[in-house]
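As the structure is a prediction and not an experimental result, all values here were calculated from the model.
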Amino acid sequence: MSMTDPIADMLTRIRNGLQARHTSVVIPRSRVKLEIVKLLKEEGFVEGYLDQPDPVKSGTIKVFLKYGQDRVGVIQGLKRVSLPSRRFYVGKDEVPRV
């Protein structure tokens, strides 16, 4: 099965993991996904991550999910705005802040 939108797949895995109250989720590794996970960590949306490169395959990234009080996920809404079929571009000063 070929995946048409790997970023949306990654976000869905994180969203589903939070709903199921898992401590971590494993996603297929790519440089772009690794950079997105690094940003999520820097901004405090995930506890951390473990980069697991594999010389034969692409490897995986284990993302440790973050919860607040009463095991409520820190990430409440997660949505992909720019899609492969509909790109959304903004200038550097127009990027919305969280």
(message) Checking E35 now: which residues fulfil side-chain hydrogen bond (donor to acceptor under 3.5 Å, both in side chains) with it, not counting sequence neighbours?
(response) K38
(message) Checking S24 now: which residues fulfil side-chain hydrogen bond (donor to acceptor under 3.5 Å, both in side chains) with it, not counting sequence neighbours?
(response) none
(message) Could you list the cluster mates of V26? Members are the ILVMFWY residues connected by side-chain heavy atoms closer than 4.5 Å, either directly or through other members.
(response) none
Donor-acceptor contacts, no H, no angles, side chain residues 55-66, under 3.5 Å, sequence neighbours left out:
unit_1: T60; atom_1: OG1; unit_2: Q52; atom_2: OE1; d: 2.7
unit_1: K66; atom_1: NZ; unit_2: G44; atom_2: O; d: 3.3

(request) Using the test side chain to side chain contact (heavy atoms under 4.5 Å, CB included), find all partners of S30 that sit at least two apart in sequence or belong to another chain. (result) V32, K33
(message) With side chain to side chain contact (heavy atoms under 4.5 Å, CB included) as the criterion, how do I14 and F45 come out once you've worked through the C-alpha distance, each side chain's angles and the decisive distance to 0.1 Å?
(response) CA-CA 11 Å; I14 291 172; F45 290 110; over 6 Å; no
(message) Hydrophobic cluster membership, with links at side-chain heavy-atom distances under 4.5 Å among I/L/V/M/F/W/Y: are V37 and Y67 in one?
(response) yes
(request) Give a yes or no answer on whether the side chain of Y49 reaches the backbone of L40 with a donor-acceptor pair at less than 3.5 Å. (result) no
(message) Restricting to non-hydrogen atoms, name the atom on P28 and the atom on D9 that form the minimum distance, rounded to 0.1 Å.
(response) CD-OD2, 4.5 Å
(message) According to salt bridge (Lys or Arg N to Asp or Glu O under 4.0 Å), does anything in residues 21-30 pair up with another residue at least two apart or in another chain? List the pairs.
(response) R29-D51
